[in-house]
Number of protein chains: 2
Amino acid sequence: MAQLPTVSDVARLAGVSRQTVSNVLNSPAIVLPDTRGRVEAAIDELGYRPHASARRLRTRTSSTIGIRLDPETNGISGTVLDRYLHALTEKAAERGLRMMLFTARDHHDEVDQFRALRDGADVDAVILTATSFRDDRIDWLVEHDMPFVTFGRPWGSDFNDPAVPWVDVDGFAGTSQATRHLLGRGHRRIGYLGWPDDWGIGKERRDGWATAMAEAGIAGDELADLSWRTDDGVPNARQIIERLLADEAGVEALVCVSDSLALGAMMAVREAGHPHFPVIGFDNSAVARAVGLSSVDQRLDQVAAASLQILFGDGSRVVPIDEADAATRHSLIEPRLVVRRSSHLAPVEEEAGSTRTGNHNRKE
Amino acid sequence: MAQLPTVSDVARLAGVSRQTVSNVLNSPAIVLPDTRGRVEAAIDELGYRPHASARRLRTRTSSTIGIRLDPETNGISGTVLDRYLHALTEKAAERGLRMMLFTARDHHDEVDQFRALRDGADVDAVILTATSFRDDRIDWLVEHDMPFVTFGRPWGSDFNDPAVPWVDVDGFAGTSQATRHLLGRGHRRIGYLGWPDDWGIGKERRDGWATAMAEAGIAGDELADLSWRTDDGVPNARQIIERLLADEAGVEALVCVSDSLALGAMMAVREAGHPHFPVIGFDNSAVARAVGLSSVDQRLDQVAAASLQILFGDGSRVVPIDEADAATRHSLIEPRLVVRRSSHLAPVEEEAGSTRTGNHNRKE
DNA sequence: CTCACCGGTTTGATCGATCAAATAACGAGA
DNA sequence: TCTCGTTATTTGATCGATCAAACCGGTGAG
């Protein structure tokens, strides 16, 4: 097979110089229309494709974004990261960007990877997920001014610092939406099943429920009696619900901090003979869709789009921090409640299109 | 900030030539130990990192593997691809390889991406998933001898063709394992809930059940009466099971082609008041783990390892097709049944470690 | 005594693109 | 007519690494 065509080959065929070919590709506006036409014809004829690595070497940009992907996905909601990745890949492709994956044992190792990726011009920016309280990776990235954005607010730091750009989903809005939906359907004693945490996401989601309840006039001790805490996981939810049903606590409906807990709750109430006891989850995971569980959707496509907007503005070149508008460096996405059977007293139709799900290996 | 150090800087500091530095990095064996020591010291002192793009330009290799990732994950089992990706990323990292993602609208577009990725030396090889019957992408890859491996057998082609390397999971073995497990626990009338397909994976998994049943002396009409077909999806399974229970068909246990169907079946039997009716699924998805559903695990880490083995042998450079041993171009992985509560008559303990699952944003 | 060959190292060319500066072509204004 | 400015295009250098060939002192065979 012959050598791959290069800019020189195209130039020769079109009767112009290399640089003109380069201009046609990178700044077509400055090339005379008919020259441009000749060059484009030559490109087509030869089937020329720019050599990405050569361009990277020269320009020191890669049009690639790095993101860490760890071995095990944990739990039903662990797939949030995966869905975010899918959305990112798609939105990135629309801008001519690509995603590159890497793994790391710990934060320190991850920082090493950052360095290698940056020094090798492998990535223009990285996306940080699973941010922890006072995350040291963030400090490193800021200090070495490597472009990045985090999915998840930098808990423990200043949310308004433009040097630490982030995108996140408004958990407060999510659970209050869910709660108001149930209030709107006439329920009053709406319980909340959440994590034990008293900070961050766990607290925020609980606050969303509490606030919506307060608006409906339920507060104080009555509210406190409707709140449960447990670690994530289907069996944990089952236990609590079974106890709760036995106690005849008078709970009419349930908002849960995650789909895992919601699924456990849903199974428990149904098996106890309450097929229409309303339950709402959080994450809108595949399971929620599959079993007809109402759930708060994180709108990961919007999260992905916002992530790229912060990093690249409207184009596909990284926006330098000093040129960025401080107001555009953070984005809190409003989630959306997806209503399904599980939150309706009367059975309703399945959401359209949810019945046929495919196996990855099946014929299209 | 100063320029990044290059091989020349290292060479100057170590008092050797550029090429020697290059040799230390790429074929350390041919460099005299003490020269190598000096060079390594210089590398450390300067914090030198090779510039990946420069290397790619020169060598036309990238140590990167491409894989297509589509926008939507469909269904509970759609996460199989994600888990494969996680495993790949990890196993690749062990060999110094990285994964790069791309999307495509259709097969034709995907082939275009292959071309761009190859021509730009962006990837050394690609991994094909969701292979279809007589897949035209495979033809293109073979014709343009671009290294690749498929996850999923090339249905409709010659499975033994060394030009079409593949890794897959033995569905037959999976369902027969599941069936034998139930037989071993004393059940005889074990039903099978599968897809309507009469080819490929769907057929193979059904055959696994049928064969195991035949070994136990159940065949012919009796066997046929125990087999159901439906499209994937929780509600579909529910419907069938509800009918089946109403008919008093005398089914004692159920093997399902997927976790979606198994989950639907499990929920239906429990809500009908049969908490210990044994159900086994396929894929060992997060949901299965969460709800205590026995399921056939695809061992995606082994699939990933086998994929890389085929492409890269024991190293991290692509094995040319003509040097490859035809016998090592295909790999059928034996899946493993993970037994949980759902397949036991008497309730047993939850699998250890499965109760606490995390949200991607939570504190570590 | 010549010469091929050895391991270890150096030198110059090269991969394919873009950058920066130089050049050519052409028209407007003095 | 000559200069100046603008626009379109060309030329040479460069990014950071590896490749291919040359080099070098030393050995052993013919």
Side-chain angles (χ1 to χ4, degrees), chain A residues 2-40 42-43 46-63 96 116-122 124 316-317, chain B residues 2-40 42-43 46-64 96 116-122 124 317:
Chain A
Q3 277 285 67
L4 249 39
T6 74
V7 271
S8 301
D9 298 318
V10 175
R12 199 174 312 120
L13 181 60
V16 299
S17 72
R18 304 188 313 277
Q19 181 63 25
T20 299
V21 177
S22 173
N23 287 336
V24 169
L25 271 76
N26 298 301
S27 26
I30 69 167
V31 179
L32 232 47
D34 75 327
T35 324
R36 182 164 67 223
R38 283 210 317 283
V39 172
E40 280 164 352
I43 288 178
L46 294 176
Y48 164 80
R49 304 250 174 193
H51 194 289
S53 295
R55 172 177 288 166
R56 287 209 251 280
L57 172 58
R58 188 69 249 237
T59 62
R60 301 175 161 282
T61 66
S62 60
S63 299
L117 288 168
R118 208 254 312 255
D119 293 356
D122 270 316
D124 291 346
S316 52
R317 262 183 248 274
Chain B
Q3 277 285 67
L4 249 38
T6 73
V7 268
S8 301
D9 298 318
V10 176
R12 199 174 311 121
L13 181 59
V16 299
S17 72
R18 304 188 312 276
Q19 182 62 23
T20 300
V21 178
S22 173
N23 286 337
V24 169
L25 270 76
N26 299 300
S27 24
I30 69 166
V31 179
L32 232 46
D34 74 328
T35 323
R36 182 165 66 223
R38 282 210 316 284
V39 172
E40 280 163 352
I43 288 178
L46 295 176
Y48 163 80
R49 304 250 173 192
H51 194 288
S53 295
R55 172 179 288 166
R56 287 210 251 280
L57 172 60
R58 188 71 249 237
T59 62
R60 300 175 161 283
T61 67
S62 60
S63 299
T64 302
L117 288 168
R118 208 256 311 257
D119 292 357
D122 271 316
D124 291 346
R317 263 183 248 273

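Chain identifiers are assigned alphabetically (A, B, ...) following the order of the sequence lines, protein sequences preceding nucleic acid strands; residue numbering begins at 1 within each chain. Everything quoted here is computed from the prediction, not taken from an experiment.
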Check side-chain hydrogen bond (donor to acceptor under 3.5 Å, both in side chains) between B/S17 and all other residues, then give those that pass, not counting sequence neighbours.
B/T20
Side-chain donor/acceptor pairs under 3.5 Å, residues 7-15 of chain A, sequence neighbours excluded:
{"unit_1": "A/D9", "atom_1": "OD1", "unit_2": "A/R12", "atom_2": "NH1", "d": "3.3"}
{"unit_1": "A/D9", "atom_1": "OD2", "unit_2": "A/T6", "atom_2": "N", "d": "2.8"}

Which residues pass the side chain to side chain contact (heavy atoms under 4.5 Å, CB included) test with A/R49, not counting sequence neighbours?
B/D112, B/R115, B/A116, B/D119
For nucleotides 15-22 of chain C, give me one character per nucleotide, 5' to 3': B if any protein heavy atom sits under 4.0 Å from the base, S if the only such contacts are to the sugar-phosphate, - if neither.
BBBBBB--
Sequence-distant partners of A/S63, side-chain hydrogen bond (donor to acceptor under 3.5 Å, both in side chains), two or more places apart:
none
Mind calculating the distance between CG (A/L32) and P (C/dA24) to the nearest angstrom?
19 Å
Give the table of side-chain donor-acceptor pairs shorter than 3.5 Å for residues 24-34 of chain B, with sequence neighbours excluded, one pair per line with atom names and distance.
{"unit_1": "B/N26", "atom_1": "ND2", "unit_2": "B/S22", "atom_2": "O", "d": "3.0"}
{"unit_1": "B/N26", "atom_1": "ND2", "unit_2": "B/S22", "atom_2": "OG", "d": "3.3"}

